Number of protein chains: 2
Amino acid sequence: MPSPSIYTVAQRAGVSIATVSRVLRDSGPVAATTRERVLAAAAELSWSPNRLAAGLAARVHGAAGIVFPDLAGPYFSQVVLGFEEQAVADDRSALILATHGRLNADEMVLDLAARVDGLVVMDRTVTDEVVRCLEGRGSPVVLLARPAVGATPAVRAESLDAATRITAHLIALGHTRLAFLGDPEAAPDVDDRWRGFLLAHLEAGLPAPGKPVRSGFVQDEGYAAGTALLDDAARPTAVVCANDEAALGVYAAARDLGLRIPDDVAVTGWDDIPAARAVTPPLATVRQPMRELGRQAGALLSARIAGVPADSLTLPTEIVLRASCGPPANSRTPTNRIPTPTRRLEP
Amino acid sequence: MPSPSIYTVAQRAGVSIATVSRVLRDSGPVAATTRERVLAAAAELSWSPNRLAAGLAARVHGAAGIVFPDLAGPYFSQVVLGFEEQAVADDRSALILATHGRLNADEMVLDLAARVDGLVVMDRTVTDEVVRCLEGRGSPVVLLARPAVGATPAVRAESLDAATRITAHLIALGHTRLAFLGDPEAAPDVDDRWRGFLLAHLEAGLPAPGKPVRSGFVQDEGYAAGTALLDDAARPTAVVCANDEAALGVYAAARDLGLRIPDDVAVTGWDDIPAARAVTPPLATVRQPMRELGRQAGALLSARIAGVPADSLTLPTEIVLRASCGPPANSRTPTNRIPTPTRRLEP
DNA sequence: GCGCTCGGTGTAAGCCCTTACATAGCAGTG
DNA sequence: CACTGCTATGTAAGGGCTTACACCGAGCGC
């Protein structure tokens with residue numbers, strides 16, 4: 001038995017397919033009794049309209065996609081979840097695409113674009129070139145955690161200023177040998193954090209720090225980089241990490257080297273993942289509104305899909321000072337927060 | 001200018017639309033020179049076939065979906081990522097749907113089913129009823145981390161045995177007052193863990209333990225539950241947690257209550273998330289192949305979509321003993337692993 | 001030379017909807 | 001009572017692709 005179609009339902013309800021469509025989409029007037037009959041017929045056949053056909057006719061996909069490098073750690077998960085929430089709120093399905101190492105990322109993204117009404121593109125997953133190509137083909141794009149491209153808006157969390165200030169805080173505590181752990185080339189946000197780190201040195205009149213100690217976003221890489229960095233008599237007294245998970249790797253490295261945090265080495269992270277509060281000492285970090293980033297990107301995308309031009313947006317971050325960056329180890333609930341203001345980028 | 005269609009391309013290449021389709025789908029014979037011309041025409045117009053139309057004609061969505069409760073923590077992220085990998089490998093897009101608290105989950109899942117070729121359904125997101133309904137409508141389903149339903153197969157990680165053994169390990173260390181932290185009603189897997197916990201008591205001839213201390217999967221809930229549990233003179237000497245994040249919440253609770261792990265209280269988790277190795281002392285836990293769960297579910301789904309009947313599958317877990325569960329605190333690299341065998345459920 | 005097989009191509013019939021436009025009935029006007 | 005203005009419904013034209021089937025010419029065995 002072939003699955004029922006709008007024709008089957010129309011026949012059973014004794015109306016035309018146009019009326020069935022009207023009932024379902026609630027477009028155009030339908031008599032109450034007719035509506036009942038149609039609904040009943042649809043229920044009896046347990047029919048639901050074929051999305052493919054509906055989309056084809058209406059020229060709409062009813063779906064939005066998000067492209068991200070990986071789903072490693074809370075940051076990406078939360079962003080994706082925020083995006084999904086917004087998509088559902090806008091009555092769209094959410095498609096995901098992780099590029100990881102995949103070399104044909106461009107191709108995959110282009111392919112994905114053919115099945116959605118718009119796309120959120122994170123980080124360095126694809127080149128600006130591809131973004132322009134997408135827009136050229138009529139796919140609205142919103143960038144996330146990377147700079148705007150032409151008329152394509154970007155949603156970001158403030159990084160530069162927060163990085164400057166958390167570094168300045170460490171310097172104010174007396175640290176003079178600081179290291180940055182992370183890879184500025186891995187993501188635009190990390191580059192901002194690195195530049196803030198540099199800026200704080202400049203502003204404090206300190207000599208320029210050493211090059212970044214390259215590390216990815218995962219704990220294992222933080223452990224490896226942290227071990228290399230700290231297993232040295234000339235080790236820094238403070239390590240500013242590009243994200244919390246790498247910082248947790250440094251925690252493990254310090255523990256395995258017999259170093260105490262913050263007495264022997266101060267550590268800061270970025271993101272404020274839950275584990276940051278579970279470790280001892282609690283990890284000082286910069287909180288960014290991960291879920292909100294995804295949600296806002298989704299909302300901007302919806303606007304663009306609707307034809308409304310959208311401006312770029314920078315969400316505020318919040319410095320969260322905790323015991324890992326130097327306050328006496330005996331302080332019990334070190335959660336002072338210094339908010340930074342929201343700001344909108346000029347178009 | 002309307003976007004190009006297969007007709008535009010055919011015209012430009014001087015062939016019929018059938019030939020264009022053949023070139024693109026590589027179905028049927030096409031002369032090499034003709035192929036070139038078509039490809040060139042498509043490139044010049046930067047045309048790519050409309051997926052909606054293609055899907056409609058071929059009666060295929062080229063997409064698979066996964067339904068999960070939330071994306072909180074590494075477990076769900078990794079599972080989803082594994083699923084995405086498999087989907088891409090099978091040349092399908094991945095759709096996600098988080099049900100969170102949303103009360104109309106059933107409806108949303110049914111809606112999602114209308115836009116994919118098959119669905120992976122995790123945990124208690126929807127009832128068995130809905131699963132049957134989906135299958136009834138011709139949507140293949142694979143269950144994940146929940147029991148099979150009729151002919152719908154399930155992919156799971158072994159829980160009962162591992163829970164029995166890690167509890168037995170604690171008992172062997174001399175613990176007699178153990179508590180289980182987690183909500184057996186929250187997820188079938190947690191229920192298995194709870195039953196394993198009970199079983200170990202039985203086997204050891206210990207009196208039945210108290211009821212589970214209810215807690216969700218997130219750290220904050222673990223903290224709250226842990227605080228309530230430990231802030232009591234009659235506190236247990238060991239806490240078996242339903243997952244690592246809740247266990248990390250217990251870590252924070254213990255710290256805030258001035259209790260030492262494992263001297264004052266032993267703690268175990270579940271999942272073996274990266275942070276389990278970063279905390280001090282390292283967290284003993286049960287590793288489950290999170291990514292692999294998602295991948296296998298995706299693979300089974302592909303099989304079912306292809307019309308191949310698929311059997312349920314249980315993946316092995318691995319007990320990872322670390323300092324949190326009792327070995328002297330000075331032991332440095334406590335990573336003994338006790339593997340459990342893979343097994344297949346009989347159909 | 002003759003029918004045959006077969007590679008290469010075109011024709012046209014769907015796939016299942018949405019929606020502009022046409023039609024019909026009916027209550028309310030002047 | 002003809003006419004207007006609705007509301008309720010039907011008709012039919014797509015939307016952009018896949019694919020069964022028909023067709024045509026060329027190489028081939030005999």
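Owing to the predicted nature of the structure, the values given are computational and were not obtained by experimental measurement. Order of the sequence lines sets the chain letters (A, B, ...), proteins ahead of strands, with each chain counted from 1.
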Tell me what [X] touches on the nucleic acid: a base, only sugar-phosphate, or nothing, going by heavy atoms under 4.0 Å.
X: A:A54; value: sugar-phosphate
X: A:T19; value: sugar-phosphate
X: A:R51; value: nothing
X: B:V15; value: sugar-phosphate
X: A:S5; value: sugar-phosphate
X: B:L52; value: nothing

Does A:Q11 have more than 12 heavy atoms from other residues, nucleotides or ligands lying within 6.0 Å of its CD?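 Open: at most 12 neighbouring heavy atoms sit under 6.0 Å from CD of A:Q11.
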Would you find more than 12 non-hydrogen atoms of other residues, nucleotides or ligands less than 6.0 Å from B:D91 atom CG?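 No, CG of B:D91 has 12 or fewer neighbouring heavy atoms, counting only those of other groups under 6.0 Å.
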Heavy-atom contacts under 4.0 Å between residues 24-43 of chain A and DNA chain D, which residues?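 A:P29, A:V30, A:A31, A:T34 - these, ordered by number, are the residues of the stretch whose heavy atoms sit under 4.0 Å from the strand.
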What about A:Y7: does its side chain form a donor-acceptor pair under 3.5 Å with the base of C:dC17?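 In this structure, the two groups form a donor-acceptor pair.
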Looking at D:dG10, does its base get a donor-acceptor pair with the side chain of A:R22 below 3.5 Å?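 Result: at least one qualifying N/O pair found.
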Should [X] and [Y] count as side-chain neighbours, where that means a heavy-atom distance under 4.5 Å?
X: A:E84; Y: A:V88; answer: yes
X: A:M108; Y: A:R102; answer: yes
X: A:R156; Y: A:P147; answer: yes
X: B:N50; Y: A:R115; answer: no

d([atom1], [X]; [atom2], [N]) in whole Å:
X: B:I17; N: C:dA13; atom1: CD1; atom2: C1'; answer: 11 Å
X: A:Q11; N: D:dG10; atom1: CD; atom2: P; answer: 13 Å
X: B:R59; N: C:dC15; atom1: CZ; atom2: P; answer: 6 Å
X: B:I6; N: C:dC15; atom1: CD1; atom2: C1'; answer: 14 Å

State which residue, out of B:E292, B:R295, B:Q288, B:R291, fulfils the side-chain contact (heavy atoms from CB on, under 4.5 Å) condition with B:Q78.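 With B:Q78 as partner, side-chain contact (heavy atoms from CB on, under 4.5 Å) holds for just one option, B:R291.
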Counting heavy atoms from C-beta on, name the nucleotide in C:dG14, C:dT18, C:dT19 closest to the side chain of A:A18.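 Nearest to the side chain of A:A18 among the choices is C:dT19.
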From C:dG10, D:dG10, D:dG16, pick the nucleotide closest to the side chain of B:N50?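 Closest nucleotide to the B:N50 side chain: D:dG16.
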Reckon B:S16 has a side-chain N or O less than 4.0 Å from the OP1 or OP2 of C:dT9?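 It does not, given that no N or O in the side chain of B:S16 lies less than 4.0 Å from OP1 or OP2 of C:dT9.
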